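Notes follow once the structure below has been shown.
Just so it is clear, the model here is predicted, and its values are computed rather than measured. Counting starts at 1 for both ligands and their atoms, following the listed order.
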Amino acid sequence: MLIDSIGKSFRKTIIAGNWKMNKTPSEAKALIEEIAPLVKDAKCEVVCCVPYVDLATAIEAAKDTNIKIGAENCHWAESGAFTGEISTAMLKEIGVEYVVIGHSERRQYFGETDETVNKRTKAALAAGLKAIVCVGELLWERECNITKEVIARQIKLDLWDVSVEELKNVVIAYEPVWAIGTGKTATAEQAEEVCEFIRVCLNGLYGLEAAQGVTIQYGGSMNENNAAELLMKPNVDGGLIGGASLVAEKFASVVGATDFDY
Ligand code: PEP
């Protein structure tokens, strides 16, 4: 197989919480303070992606810890008449390091398309943010056996015009839409099959060395019970965690599941 497992030990493992529309600023402070001691010896990068209004508080609470803070979206324009939107410069200035782009809830409820995902991704990368770009098939698409076509299309369009240099700041989150917030996790084999396929797509677009370096996360009902099995797969380099990221012990336990010799 072209994509072997050797690269895994060189790639950055990243566990990122996606808090969605949960937690007020004071609750965010409390949760970060609860998580911090539990993950202080983490063997992976630990990220909490939080609502816009929580960012400043979360950044302050995460100061002097190993937790990085991310936003859940950003706009592509530098500034202007985009009521309700937030620019990458605004995020950068307050110390945000990561940004989730193209989450399926944005695609489903807010009209996000591969074109806008691509614009946001390019803006994030140009600003020096790390972009967690989400891709994943709908249940119906999986049932119609077109998962790979869907993923290949998303990878190509979402990363259109992203350079090989910029790719170093891209994390891909494979999130089968049918597994998000449903309690239905993809099996470790299903997750590995698609994550490996994503790397094959990246190899086609950027070459083997670049493809081997990209962190590919799995997301979709990952929790303290199933994380270890998923994370041990050769091409699953981390997780994007929704529900379980809101409970300090559960999130810390997913972080702890990255601590194994590969
Ligand atoms: C997510 O929001 O990206 C997610 C994977 O949610 P959950 O873990 O709750 O399925």
Over all atoms of both residues, closest heavy-atom pair of N118 and D158:
ND2-O, 3.0 Å
Does the N18 side chain pair with the main chain of E72, one donor and one acceptor, at a distance under 3.5 Å?
no
Are D114 and R107 ion-paired here, with the side-chain N under 4.0 Å from a carboxylate O?
yes
Neighbouring residues of ligand 1, heavy-atom cut-off under 4.0 Å:
N18, K20, H103, E175, A179, I180, G181, G219, G220, S221, L240, I241, G242, G243
Between the side chains of R153 and E149, is the shortest nitrogen-to-carboxylate-oxygen separation below 4.0 Å, so that they form an ion pair?
no
Quick one: list whatever passes side chain to side chain contact (heavy atoms under 4.5 Å, CB included) with K119, sequence neighbours left out.
W76
Tested for salt bridge (charged side-chain N to carboxylate O under 4.0 Å, His left out) against K148, the lone hit among E196, E193, E141 is E193
